[in-house]
Amino acid sequence: MSDFMEILKREVASTSVAAVARRIGYARSSVSNLLNDNYPGSPRKIGAKILEVFSADISCPFLKRDIAAAECREAREAPMPTNNARRLRHWTACRRCPNNPGPASPRLKRAHDRRNRS
């Protein structure tokens, strides 16, 4: 089971499906479907949101350490840095990171869509 599902189950057990849905900004039915393994789409975005809201730290594969969820979001949503080679490598790694809720480039998005159609 993925990390976000463990966190989701823990949070729902301590509050409710509706309370968790409100905190992550998703519909109650989406959270319920995810819990019951009936979520119609890829759980990547909702999983990333669950991790962002309920985990204090996210393991960054590029930095090889835990970082705050807000720091992860800032790094992945930042514009491409063109004046610093290390920041550019970090930015590039964020495009393919499993903590990234969606593919960043159109090429990756097309590949992602083809894989999920099958």
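The structure presented is a predicted model; accordingly, all values stated were derived computationally and were not measured. Values below: every heavy atom of this structure, side chains too, minus hydrogens, waters and symmetry copies. Positions are given from 1 along the sequence.
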Do the charged groups of E52 and R23 touch, with an N to O distance under 4.0 Å?
no
Interatomic spacing from OH in Y39 to OG in S32 - rounded to 0.5 Å
12.5 Å
Please report the shortest heavy-atom distance between M80 and L88, naming the atom on each side.
CG-CD1, 3.7 Å
Rounded to the nearest 0.5 Å, the CG atom of N33 sits from the CZ atom of R28 at a distance of 8.5 Å
Shortest non-hydrogen contact from P61 toward P98:
CG-CD, 4.3 Å
Short question: side chain of N84, backbone of R86 - any donor-acceptor pair under 3.5 Å?
yes
Taking S30 for its side chain and Y26 for its backbone only, find out whether a donor-acceptor pair lies under 3.5 Å.
no
Partner of L8 under side chain to side chain contact (heavy atoms under 4.5 Å, CB included), picked from V31, I24, V17, is V31
With sequence neighbours left out, what residues match R10 under side chain to side chain contact (heavy atoms under 4.5 Å, CB included)?
I7
Least distance between heavy atoms, A93 atom then F62 atom
CB-CD1, 3.7 Å
Any donor-acceptor pair under 3.5 Å from T15 side chain to E11 backbone:
yes
Distance, nearest 0.5 Å, that separates CE of M5 from CD1 of I46:
9.5 Å
With distance as the sole test, does W91 use its side chain to make a donor-acceptor pair with the main-chain N or O of A75 at under 3.5 Å?
no
Among I67, L63, D66, L51, find the residue that satisfies the side chain to side chain contact (heavy atoms under 4.5 Å, CB included) test when tested with C72.
I67
Whether the side chain of R95 engages the backbone of R76 through a donor-acceptor N/O pair (distance < 3.5 Å, no angle test) should be reported.
yes
To the nearest 0.5 Å, atom NZ of K49 lies from atom CZ of F54 at 10.0 Å
Any chance you could measure C60, atom SG, to E71, atom CD, to the nearest 0.5 Å?
8.0 Å
